[in-house]
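Report on one structure; see the data block that follows.
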Amino acid sequence: MEYTLENQRMPDGMPPIDFRAELNDEQYAAVTAPPGPILVLAGAGSGKTRTLTYRVAWLLSQGVRPGEILLLTFTNKAAKEMLHRVQDLTGVEPGRFWGGTFHSIGHRTLRTHGDAIGLERGFTILDADESEGLLRDAVESVEKAFFKDKTHPRPGPLHAIISMSRNTRTSLAETVTRYFPQHDALIERLPLFAKKYAEKKKAGKVLDYDDLLEFWLDLLRDSPETAAYFNHRFRHVLVDEYQDTNFLQAEIVDRIGGHHNVMAVGDDAQCIYTWRGAAVENILTFPERHAGTVIYRIETNYRSTPQILALANGVLLAQPKGRHFDKELRPHRANSEKPYFVQAMDGREQAQFIVSRLRGLMDAGCELRDIAVLYRAHFQALDLQLELSRLQVPYHITSGVRFFEQAHVRDLVALLRFVYNPSDTSAWQRLAVLLPKIGDKGAQKIYSAALDHARLLQKDFIDVLGSDDVLSKVAKDAKEEWPRLVASLQQVAESMRAGKPADAIDMAIEGWYGDYLKGAYANYASRLDDLKSLIGFAGRFDDMADMLAQIMLLNSETSDRSVDPSADALRLTTVHQAKGLEFAVVFVIGLGEGMFPLRRAIESGEIEEERRLFYVAVTRARDELYLCFPMVNTKGGPAMMMQPSRFISELSTDLYQPLKLKRNYGW
């Protein structure tokens, strides 16, 4: 039976909606689909949110009560936005639905039904810092000196390892091997740490963020009465951004939707968060797990020009067979220019071209806020940040942190500043407090002792740091680590005297701070890439003083001109952070093999996720798209020629037009 306006059963007070007039054919088919398992493949810019919103309104118009609908999203903002749109359409208040993030709905469920699995209702929830503190206590109850080894993960990264294992439903050993290989020597010790952590949470009647999902799944699996209640209560389950679900979330959806009235909305081509546990397999195998699934494709794109969409479709065509759903974005807009392929000599020329083109775009009436530069990794925007700062072009970084403001970059720069100038007590303070149990006062005591000893013996400050007199002022927990720090500082000092700034940075990364970085951050590999990019930056300087002065001036300038995110400023962002956004003009930079896709992604076999990232990048553009390839890579040392990204080479040359640069960076 096809529903029409005449046979809608509108709830009291709900105005009639002409669904047919307000939706295109693809959206209308999905919105008015009969009950059953439904997979909606919503291409970029196709009106996914509109489709979900009208689906809720449609269900209400068919007599489904608000309390019988469960809407699961990945952000509270998305849930509120959709439910408020539903209210605008239907007059039904958001509070009458069960709608929110997986974790918020899990919490609501456990408060009501947790006693069925022995969970006391008076439990409290730990925030991130509290979870890490409890994990620290758990680990030290088993292995007191574990965190004294700086190569071991700190509580934060260790918690990230355990969390990834829980959300992906994989063993700790497999999780470490795939996502955290720098800690593979700890594989056999981690299960006991996780066990003790769970015991401490239970004893304290507390839950962490991941427990909200794990215990929710336990409840659905181990309490048949609760599972039956949910299956009866929620006649319709709607899931937004289904391609971002991890295995834990997908299993929850499968169990709640035991009646198979599940509408999963997403796009396998935009699954770009496997590093956070998302599993593209969930959306690919949805039809297998829900027999009778009907697939609806929403492919009319309202965002981009036909030429940009043709290139995006070319990216999809390069996907290997059998590992994706076939789809083709169809344009709604009129024809325009093909995307441009821009070959620059290196990152600096790439940056100069972008700034030059910005002027032309602004002269043509385009606002800076509607232009974005996208990149695969943060360090790839260094040259552009330098050029924008030099020319005082306002820009905003989506992450909120400019390259030289990042904690690990500031740490390394502090190390270099101190070695170059041991009188720089600010640099010393930042460096010293990275050691265990050393605070500001402890750092000052060590410095004073070293200064007195250096004056007494008339020796270089750094040379006396290893003496017994100085060691006696070092906190007990840091004494074992101290000699390695001192040796590293002395090696950097020797390199600084004998070579160029790039050599000193290389030595600093290979020494004590490189080991510290390994334990301090879960995303060690990407932060190491940032630091290695400093080697290429330093290659432009013959003198350490000049390089440090340039960095300090840049930091001062950018701090003085902090840009309000709402101001008219150029947007700089990684592709991950650009998902869901759109801009009139997009520059995708660093399109060289080894940069996009990243070298480590090539080596670990993650090419398909990199291709999906590229697809997301190009579909952010509405009117103009520039694909920029710097032919020379200076990251990490000597200049090396690069090949264009395979994602460019795979495309037909008919899909883009080359833009040749003149030396004055005009057209």
Side-chain angles (χ1 to χ4, degrees), residues 2-5 8 10-11 14-35 38-62 64 66 69-94 97 99-101 236-244 261-270 283 294-305 308-309 312 325 327-333 578-583 616 619-622:
E2 181 179 344
Y3 295 108
T4 64
L5 276 173
Q8 288 181 39
M10 312 302 288
M14 177 176 167
I17 301 170
D18 189 347
F19 290 93
R20 193 66 193 86
E22 297 191 27
L23 301 166
N24 68 27
D25 292 346
E26 299 163 340
Q27 295 166 343
Y28 180 76
V31 163
T32 61
I38 299 167
L39 178 59
V40 180
L41 298 174
S46 63
K48 169 182 66 67
T49 301
R50 184 177 184 81
T51 301
L52 266 172
T53 302
Y54 275 81
R55 175 63 175 182
V56 175
W58 173 261
L59 292 174
L60 295 174
S61 76
Q62 303 308 307
V64 178
I69 300 171
L70 174 62
L71 174 63
L72 291 168
T73 65
F74 278 86
T75 66
N76 283 314
K77 179 182 177 183
K80 288 178 181 177
E81 180 183 336
M82 276 188 242
L83 292 179
H84 279 294
R85 287 193 189 184
V86 170
Q87 183 179 20
D88 291 342
L89 272 175
T90 67
V92 179
E93 297 177 353
F97 297 92
T101 65
H236 295 273
V237 179
L238 287 74
V239 188
D240 186 24
E241 302 286 10
Y242 188 79
Q243 78 281 347
D244 293 337
N261 280 349
V262 179
M263 173 181 274
V265 182
D267 181 3
D268 57 299
Q270 295 188 70
I283 192 168
V294 179
I295 297 177
Y296 293 86
R297 287 176 166 81
I298 304 177
E299 298 173 324
T300 300
N301 177 286
Y302 292 89
R303 175 187 302 158
S304 306
T305 66
I308 292 173
L309 294 184
F325 290 108
K327 65 179 68 66
E328 181 180 359
L329 297 177
R330 290 190 293 275
H332 182 74
R333 296 181 54 192
K579 186 172 180 291
L581 304 178
E582 60 179 74
F583 305 91
V616 168
T619 54
R620 299 311 93 196
R622 294 198 301 268

Can you find a heavy atom in the side chain of Thr90 that is under 4.5 Å from one in the side chain of Ile17? yes
Any Arg297 side-chain heavy atom under 4.5 Å of Glu328 side chain: no
Pro94 to Gln87 - nearest heavy-atom pair and separation: CD-OE1, 3.4 Å
So which of Val265, Val239, Leu41 actually passes side-chain contact (heavy atoms from CB on, under 4.5 Å) with Ile283? Leu41
Has Ser304 got a side-chain atom pairing as donor or acceptor with Ala621's backbone, closer than 3.5 angstrom? yes
Do the side chains of Arg85 and Glu81 get close enough for a salt bridge, i.e. N-O under 4.0 angstrom? yes
Would the number of heavy atoms belonging to other residues, nucleotides or ligands and lying under 6.0 Å from CD of Glu93 be above 12? no
Cut-off 3.5 Å, side chains only: do Tyr242 and Asp268 have a donor facing an acceptor? no
I want to check something: taking the side chain as every heavy atom from C-beta on, are Ile69 and Leu238 in contact at a cut-off of under 4.5 Å? yes
Do Ser46 and Asn301 make a side-chain contact, defined as non-hydrogen atoms from C-beta onward lying under 4.5 Å apart? no
Using modelled atom types and a 3.5 Å cut-off, is there a donor and acceptor pairing between side-chain atoms of Arg20 and backbone atoms of Tyr28? no
From Arg50 CZ over to Asn24 CG, what is the distance, rounded to the nearest 0.5 angstrom? 9.0 Å
In terms of heavy-atom contacts, Met263 and Ala30 come closest through CE-O, 3.4 Å
Distance in Å, Thr32 OG1 paired with Gln62 CD, rounded so as to fall on 0.5 Å steps: 9.0 Å
Side-chain donor or acceptor of Glu241 paired with backbone N/O of Gly266 under 3.5 Å: no
Side chains of Leu89 and Trp58: does their closest heavy-atom pair fall under 4.5 Å? no
Test side chain to side chain contact (heavy atoms under 4.5 Å, CB included) on Val294 and Leu39; report intermediate values, then the result. CA-CA 6 Å; Val294 179; Leu39 178 59; over 6 Å; no
pair Thr51-Tyr296: side-chain heavy atoms closer than 4.5 Å: no
Atom of Ala79, atom of Gly99 and distance for their closest heavy-atom approach: CB-C, 4.3 Å
Is it true that Glu299 and Lys327 have a side-chain N and a carboxylate O under 4.0 angstrom from each other? no
Starting from the C-alpha separation in whole Å, work towards a yes-or-no answer on side chain to side chain donor-acceptor pair (under 3.5 Å) for Tyr54 and Gln27. CA-CA 9 Å; Tyr54 275 81; Gln27 295 166 343; over 6 Å; no
Hey, are the side chains of Val56 and His236 touching, using non-hydrogen atoms and a 4.5 Å cut-off? no
Interatomic distance, Lys80 atom NZ to Thr73 atom OG1 [nearest 0.5 angstrom]: 10.5 Å
Any idea which heavy atoms bring Phe19 and Ala57 closest together, and the distance? CZ-C, 3.9 Å
On the ring face of Phe583, is Arg622 found with NZ or CZ under 6.0 Å from the centre and within 45° of the axis? no
Donor-acceptor contact below 3.5 Å, side chain Arg55 vs main chain Val31: yes
Closest contact, heavy atoms only, Asp240 versus Met82: OD2-CE, 3.1 Å
Quick one: does Leu329's side chain get under 4.5 Å of Thr619's, heavy atoms only? yes
Going through the distances and angles, do Thr49 and Leu52 end up as a side chain to side chain contact (heavy atoms under 4.5 Å, CB included)? CA-CA 5 Å; Thr49 301; Leu52 266 172; 5.8 Å; no
Which is it for Leu71 and Val237 under the side chain to side chain contact (heavy atoms under 4.5 Å, CB included) test, yes or no, and what are the steps along the way? CA-CA 6 Å; Leu71 174 63; Val237 179; over 6 Å; no
Taking it one step at a time, do Ile298 and Lys48 satisfy side chain to side chain contact (heavy atoms under 4.5 Å, CB included)? CA-CA 8 Å; Ile298 304 177; Lys48 169 182 66 67; over 6 Å; no
